[in-house]
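Chain A is the first sequence line, chain B the second, and so forth, proteins listed ahead of strands; every chain is numbered from 1. No hydrogens, no waters, no symmetry mates; every other heavy atom, side chains included, goes into these values.
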Number of protein chains: 2
Amino acid sequence: MIDRSCPGAIEPILEILDGKWTLLLLLELFNGTKRFGELRRKLHPISPKTLTDRLRLLEDKGIVTRTLYPGVPLHVEYELTERGQRLQPIFAAMWAWVQENGVCPGKEAENISPEEAGSL
Amino acid sequence: MIDRSCPGAIEPILEILDGKWTLLLLLELFNGTKRFGELRRKLHPISPKTLTDRLRLLEDKGIVTRTLYPGVPLHVEYELTERGQRLQPIFAAMWAWVQENGVCPGKEAENISPEEAGSL
DNA sequence: CCGAATCCACTAAGATACTG
DNA sequence: CAGTATCTTAGTGGATTCGG
């Protein structure tokens with residue numbers, strides 16, 4: 001069972017995953033290193049400010065690294081740290097839940113068997 | 001790999017888990033049926049308005065049920081649905097991550113081996 | 001091309017008082 | 001007891017512009 005005292009608290013991760021775009025942003029980064037503009041296009045219509053804010057926060061939390069390749073034009077890459085990679089099971093769990101319980105237009109979830117959907 | 005098209009999207013769950021208090025609220029409900037006042041105390045200092053807002057939204061999404069026991073004094077209970085119970089693996093994954101990577105005051109995470117911390 | 005800076009808008013959340 | 005009503009506040013996110 002889950003305890004709210006220090007060793008079992010989940011608060012630390014709430015700070016990391018908070019924010020409208022954070023989950024989708026991490027989802028993109030699980031697919032590999034990405035450049036700023038790439039992320040911006042994939043997360044359209046996110047604003048550059050918001051994208052920067054989120055990336056900085058994740059950087060502070062040790063979830064992503066920012067690598068600057070000097071030169072013109074500028075080139076910046078964002079990549080998940082080890083710590084960040086380890087977040088993947090959480091997303092896998094969310095993804096699995098949506099498979100079983102999420103609603104897609106015109107298709108109620110209860111039709112697919114948990115066995116079938118559980119193969120991740 | 002995770003796909004952003006309909007069958008693989010995680011957006012539906014983002015709507016459910018969104019909000020400052022939602023995760024903590026669900027955490028309480030995993031421990032069993034709870035009354036309004038109970039939740040209010042455990043989630044202190046949440047305001048009654050916010051608590052109501054969140055509970056109503058979760059009710060709409062089919063995550064919790066609201067049961068009214070008429071009489072004076074009034075008595076209302078909130079309980080997770082089956083669908084809500086199935087969210088538990090997500091929390092377990094978050095909890096596991098915090099065990100391995102979360103920071104508790106005065107204790108950096110990298111000291112404990114993944115093997116040791118991974119026993120859930 | 002990347003992203004910092006500024007300003008504005010929206011909405012979640014808080015405070016407080018009151019009702020079935 | 002379990003909310004509702006109303007108002008206010010504050011935190012994000014959006015739009016735009018500018019600099020390295």
Side-chain angles (χ1 to χ4, degrees), chain A residues 10-29 31-61 63-80, chain B residues 4 10-29 31-61 63-81:
Chain A
I10 61 162
E11 278 86 350
I13 207 171
L14 300 188
E15 293 174 23
I16 293 169
L17 301 182
D18 188 45
K20 179 175 172 186
W21 293 100
T22 307
L23 284 293
L24 294 173
L25 172 54
L26 287 170
L27 219 43
E28 290 301 329
L29 290 174
N31 290 326
T33 302
K34 291 268 187 304
R35 297 180 55 171
F36 186 88
E38 249 180 304
L39 291 170
R40 193 175 168 183
R41 278 189 298 277
K42 300 253 195 172
L43 299 179
H44 186 270
I46 194 174
S47 71
K49 172 184 173 295
T50 303
L51 183 52
T52 301
D53 287 353
R54 289 297 121 193
L55 285 167
R56 288 285 179 278
L57 192 132
L58 291 174
E59 204 185 343
D60 290 346
K61 299 282 183 187
I63 304 300
V64 305
T65 57
R66 176 178 183 272
T67 309
L68 172 67
Y69 298 88
V72 177
L74 220 47
H75 180 147
V76 179
E77 288 189 344
Y78 293 92
E79 188 173 15
L80 288 174
Chain B
R4 293 202 57 208
I10 61 163
E11 277 86 350
I13 207 171
L14 299 189
E15 293 175 23
I16 293 169
L17 302 182
D18 187 46
K20 179 176 171 184
W21 293 101
T22 308
L23 284 293
L24 294 172
L25 172 55
L26 287 170
L27 218 45
E28 290 301 328
L29 290 173
N31 290 325
T33 301
K34 291 268 186 307
R35 297 179 55 171
F36 187 87
E38 248 179 306
L39 291 170
R40 193 175 168 182
R41 278 188 300 278
K42 300 252 196 175
L43 298 180
H44 185 269
I46 195 174
S47 70
K49 172 185 172 298
T50 303
L51 183 52
T52 301
D53 287 352
R54 287 297 121 189
L55 284 167
R56 288 282 180 280
L57 192 131
L58 291 174
E59 204 186 342
D60 290 347
K61 300 282 183 184
I63 304 299
V64 305
T65 56
R66 176 177 183 273
T67 310
L68 171 67
Y69 298 89
V72 177
L74 220 49
H75 181 148
V76 179
E77 288 188 345
Y78 292 92
E79 188 174 13
L80 288 174
T81 61

Counting side-chain heavy atoms from CB outward, which of C:dG3, D:dA2, D:dA15 is closest to A:Ser47?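 Ranking C:dG3, D:dA2, D:dA15 by closest atom to the A:Ser47 side chain puts D:dA15 first.
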
Rounded to whole angstroms, how far apart are [atom1] on [X] and [atom2] on [N]?
X       : N      : atom1 : atom2 : result
A:Arg40 : D:dT16 : CZ    : C1'   : 11 Å
A:Lys49 : C:dT6  : NZ    : P     : 12 Å
A:Asp18 : D:dT12 : CG    : P     : 6 Å
B:Leu43 : C:dA12 : CG    : C1'   : 16 Å
B:Leu57 : C:dT11 : CG    : P     : 15 Å
B:Arg54 : D:dT4  : CZ    : P     : 15 Å
A:Leu24 : D:dG13 : CG    : C1'   : 14 Å
A:Leu74 : C:dA4  : CG    : C1'   : 13 Å

What is the minimum heavy-atom distance between [X] and [Y], and which atoms define it?
X       : Y       : result
A:Leu23 : A:Leu17 : CD2-O, 3.1 Å
B:Trp21 : B:Thr50 : CD1-CG2, 3.6 Å
A:Ile16 : A:Leu57 : O-CD2, 4.5 Å

Any salt bridge linking B:Asp53 with B:Lys49? Criterion: basic side-chain nitrogen under 4.0 Å from a carboxylate oxygen.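 Looking at B:Lys49 together with B:Asp53, the answer is yes, because their closest N to O distance falls below 4.0 Å.
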
Do A:Lys20 side-chain and D:dG13 base share a donor-acceptor contact under 3.5 Å?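 There is none.
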
So, does [X] get its side chain near the phosphate of [N], meaning an N or O under 4.0 Å from OP1 or OP2?
X       : N      : value
A:Trp21 : D:dT12 : no
B:Arg56 : D:dG3  : yes
B:Arg66 : D:dA2  : no

At under 4.0 Å between heavy atoms, what does A:Tyr78 touch on the DNA or RNA strands: base, sugar-phosphate, or nothing? sugar-phosphate

Categorize A:Arg35 for me: base, sugar-phosphate, or nothing, with a 4.0 angstrom heavy-atom threshold over every strand shown. sugar-phosphate

If you pin B:Thr52 and A:Pro45 to their nearest nucleotides in DNA chain D, which one's is more 5'?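 Result: B:Thr52.
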
Member of B:Leu58, B:Val64, B:Ile63 meeting the side chain to side chain contact (heavy atoms under 4.5 Å, CB included) criterion with B:Lys61: B:Ile63

